[in-house]
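Not measured: the values here are computed from a predicted model. Side chains are part of it too, since the values below use all heavy atoms of this structure and drop only hydrogens, waters and symmetry mates. We count ligands from 1, going down the list as the structure has it; atoms in each ligand are counted the same way.
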Amino acid sequence: MDAVVIVGAGQAGFQAAASLREAGFAGRLTLVGEEAALPYQRPPLSKAYLAGKTDARGLLLRQESFFSEHRIDHLSGTRVTAIDREDRHVRLSDGERLAYDHLILATGTRNRALPVPGADLAGVRQLRSIDDADALRGAIEGVRHIVVVGAGFIGLEFAAVCAARGLSVTVIEAAERVMARAVSPETSQAFRAFHEEAGVRFLFGAGVTAIEGEGGRAAAIRTVDGQSLPADLVVVGIGVVPNQELAAEAGLAVRDGIEVDAFLATSDPAVSAIGDCVRFPSRFAAGMPGGDRVRIESVQNAVDQGRCLAARLTGRPAAYDAVPWFWSDQGPRKLQIAGLAAPGDASVLRPTGAGFSVFRFREGRLSAVESVDRPADHMAARRLLAAAKSLSPEQAADPGFDLKALAT
Ligand code: FAD
């Protein structure tokens with residue numbers, strides 16, 4: 001294999017490139033990214049970077065010299081516009097062609113647009129890229145009423161940063177609780193209380209029907225029940241859609257993500273896919289409503305899939321089997337999740353002195369653990385899930401039960 005081309009210079013694409021070199025791949029390695037910046041971390045965009053606690057340099061996954069030292073040709077500001085699988089080349093936005101022996105798709109996701117009138121007004125924003133974060137940092141200055149649409153991780157992190165600065169912020173959510181798709185009712189309730197204590201207001205069960213403008217700028221937001229809330233900055237955080245069109249147009253299978261097998265290969269053996277854009281088989285998804293194939297949006301998944309694929313391409317194939325884990329910093333609270341919970345999974349609260357954990361069970365088996373300011377529970381949970389150790393709901397609920405001992 002002489003030439004590997006990676007489409008998407010985000011967390012997963014960067015990791016695949018770095019791990020390929022680390023594993024001794026000596027051929028030509030090209031990382032094509034449509035963003036202008038060097039590969040960077042997104043999580044701080046809604047946390048430390050937004051709060052002004054780190055600068056753009058602090059976001060970079062590696063400094064510029066890393067790429068030349070490791071002979072990784074990073075083509076920034078360049079989009080891959082088409083894949084020719086027969087001739088094994090990709091077409092670039094500058095009209096060039098790039099030949100590959102193996103192609104890695106790491107195209108990530110994009111934010112779901114709010115499908116209502118007024119969504120294109122000035123003052124309606126989203127948060128995905130460093131450009132979005134820069135625009136938001138500027139926009140926050142001087143606004144009077146911030147409305148966040150969507151009480152998911154990013155919306156809540158953003159709301160927490162605004163509230164900490166004493167800004168007026170209201171979160172509108174169509175569901176009845178925060179982070180409803182991802183966490184238990186117990187964790188939702190605790191985070192709602194944390195945010196309310198910090199001054200965030202919530203409106204639940206409230207769909208947005210329109211954003212009303214004045215002079216081309218957002219001025220108010222209207223909800224299904226006819227309420228109109230003043231809003232001179234609207235931040236939309238209602239989930240993402242996978243960037244799968246490139247794969248689909250090349251005839252690869254897609255279904256809410258690029259379909260890959262346990263080795264992260266697409267239906268074409270010369271094309272693999274990793275990160276937020278893929279749907280893959282996972283034992284951790286067994287028994288979930290959508291079946292045992294999942295698409296996961298997390299740094300852990302992007303990094304571990306990048307490593308797993310690099311190992312296969314350099315002669316050490318192994319099925320991808322990493323325990324999913326995730327974190328979200330909301331104000332002073334740290335939420336860590338290990339495993340994958342389905343909305344109907346049972347919850348068992350493990351109260352402790354500082355923070356708490358909610359252990360989730362599906363068909364009697366541990367499916368996930370949500371820990372709030374309990375890093376030791378989180379680490380134990382990752383080990384328990386990796387080894388598929390059996391833990392009963394009674395053991396989980398007993399604060400005297402030694403989780404760490406079971407996990408080791
Ligand atoms: P991305 O990082 O999105 O990278 C994909 C890249 O591909 C993008 O740069 C895109 O522009 C580029 N691209 C797409 N199509 C093309 C094309 N045709 N040609 C060239 N380039 C293309 N995860 C956590 O685990 N914890 C957190 O606290 C957390 N916080 C987050 C906060 C924010 C604000 C955001 C946006 C995400 C957060 N995440 C968090 C999620 C995490 O950042 C993602 O899961 C991770 O970045 C996924 O990596 P990826 O490489 O698959 O996709």
Side-chain angles (χ1 to χ4, degrees), residues 5-18 30-51 59 61 74-83 90-94 98 103-112 125-134 136 148 150 152-158 160-161 179 182 235-237 239-250 257-258 264 273-280 295-306 309 324-330 333-338:
V5 170
I6 304 173
V7 187
Q11 190 87 50
F14 165 78
Q15 188 62 51
T30 313
L31 182 59
V32 190
E34 65 186 348
E35 292 187 74
L38 284 168
Y40 62 93
Q41 311 166 63
R42 291 184 203 281
L45 296 180
S46 49
K47 309 174 183 74
Y49 185 74
L50 191 69
L59 299 179
L61 287 161
H74 173 227
L75 305 183
S76 62
T78 308
R79 190 173 167 74
V80 169
T81 55
I83 304 167
V90 294
R91 197 165 279 284
L92 306 180
S93 46
D94 61 8
L98 208 52
L103 181 68
I104 301 175
L105 301 175
T107 49
T109 57
R110 60 183 178 275
N111 288 354
R112 193 181 291 282
R125 299 193 173 272
Q126 55 165 3
L127 180 50
R128 172 107 209 132
S129 67
I130 192 164
D131 291 344
D132 295 334
D134 286 340
L136 271 177
V148 177
F153 297 111
I154 293 174
L156 292 177
E157 290 177 357
F158 175 78
V161 170
M179 301 179 283
V235 177
V236 179
V240 297
V241 288
N243 291 323
Q244 62 187 22
E245 293 75 6
L246 193 62
E249 282 159 17
I258 303 168
L264 308 172
I274 54 176
D276 279 16
C277 67
V278 308
R279 175 174 292 277
F280 61 97
R295 196 173 61 69
I296 296 182
E297 298 147 20
S298 77
V299 168
Q300 168 278 319
N301 188 60
V303 168
D304 286 341
Q305 289 195 339
L309 176 58
W325 59 266
F326 182 83
W327 81 95
S328 173
D329 298 335
Q330 299 180 25
R333 307 290 176 170
K334 188 172 204 75
L335 169 65
Q336 292 170 294
I337 304 173

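Close approach to Gly10 involves these atoms of ligand 1, each under 4.0 Å from a residue heavy atom: 2 (O), 4 (O), 6 (C), 51 (O). For ligand 1 and Glu35, the ligand atoms under 4.0 Å from any heavy atom of the residue are 8 (C), 9 (O), 11 (O). Residue contact check: Gly275 has heavy atoms under 4.0 Å from atoms 52 (O) of ligand 1. The Ser46 neighbourhood of ligand 1 comprises atoms 32 (C), 33 (C), 34 (C), with distances under 4.0 Å to a heavy atom of that residue. The ligand atoms of ligand 1 that sit less than 4.0 angstrom from a heavy atom of Val32 are 20 (C), 21 (N).
Distances between N or O atoms of Ser298 and those of ligand 1 include at least one value under 3.5 Å. At under 3.5 Å, not a single nitrogen or oxygen of Cys277, backbone or side chain, sits near a nitrogen or oxygen of ligand 1.
At least one donor-acceptor pair under 3.5 Å links the side chain of Arg295 to the backbone N or O of Asp276.
Contacts between Ala106 and ligand 1 below 4.0 angstrom, taking non-hydrogen atoms only, involve the backbone exclusively. Contacts with ligand 1 closer than 4.0 Å are made by backbone heavy atoms (N, CA, C, O) of Thr78 only, the side chain lying farther away. For Gln11, heavy-atom contacts with ligand 1 shorter than 4.0 Å involve the backbone as well as the side chain. If you look at Thr81 next to ligand 1, there are no close heavy atoms at all, none under 4.0 Å.
Residue-ligand proximity: Asn111 is placed with every non-hydrogen atom at 4.0 Å or more from ligand 1. Using 4.0 Å as the threshold, Gly33 has a heavy atom nearer than that to some atom of ligand 1.
Of all protein heavy atoms, the one lying nearest to atom 48 (C) of ligand 1 is Asp276 OD1, 3.1 Å. Here the heavy atom of the protein found nearest to atom 30 (N) of ligand 1 is Lys47 NZ, 3.1 Å. The nearest heavy-atom contact from the protein to atom 51 (O) of ligand 1 is Ala12 N, 2.8 Å. With hydrogens left out, the protein atom closest to atom 37 (C) of ligand 1 is Arg42 CB, 3.8 Å, a heavy atom. Of all protein heavy atoms, the one closest to atom 21 (N) of ligand 1 is Glu34 N, 3.1 Å. Closest protein heavy atom to atom 39 (N) of ligand 1: Pro43 CG, 4.2 Å. The protein non-hydrogen atom at the shortest distance from atom 19 (N) of ligand 1 is Val80 N, 2.9 Å. In terms of protein heavy atoms, atom 27 (C) of ligand 1 is closest to Trp327 O, 3.4 Å.
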Check against side chain to side chain contact (heavy atoms under 4.5 Å, CB included), Glu157 and Leu127: CA-CA 11 Å; Glu157 290 177 357; Leu127 180 50; over 6 Å; no
Derivation of the side chain to side chain contact (heavy atoms under 4.5 Å, CB included) call for Trp325 and Gln336: CA-CA 7 Å; Trp325 59 266; Gln336 292 170 294; over 6 Å; no
Steps toward side chain to side chain contact (heavy atoms under 4.5 Å, CB included) verdict (Gln244, Arg279): CA-CA 11 Å; Gln244 62 187 22; Arg279 175 174 292 277; over 6 Å; no
Verdict with supporting geometry, Ile296 and Phe280, side chain to side chain contact (heavy atoms under 4.5 Å, CB included): CA-CA 9 Å; Ile296 296 182; Phe280 61 97; 3.8 Å; yes
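Heavy atoms only, all atoms of each residue included: Lys47 and Asp329 are closest at CE-N, 3.7 Å. The two residues Phe326 and Ser298 come nearest to each other via the heavy atoms CD1-CB, 3.7 Å. For the residue pair Leu61 and Gly10, the shortest heavy atom distance occurs at CD1-O, 4.4 Å. When every heavy atom of Gly108 is checked against every heavy atom of Cys277, the shortest pair comes out as O-CB, 3.3 Å.
The structure places CD1 of Ile154 at 10.0 Å from CD of Gln126, a figure rounded to the nearest 0.5 Å. One finds the CD1 atom of Ile6 at 10.0 Å from the CZ atom of Phe14 (value rounded to the nearest 0.5 Å).
No option in Val32, Leu98, Thr30 other than Leu98 meets the side-chain contact (heavy atoms from CB on, under 4.5 Å) test with Val90.
Using a 4.0 Å cut-off between a side-chain N of Lys or Arg and a carboxylate O of Asp or Glu, Arg42 and Glu35 qualify as a salt bridge.
Of the listed residues (Tyr49, Phe326, Phe153), the one carrying the non-hydrogen atom nearest atom 23 (N) of ligand 1 is Phe326.
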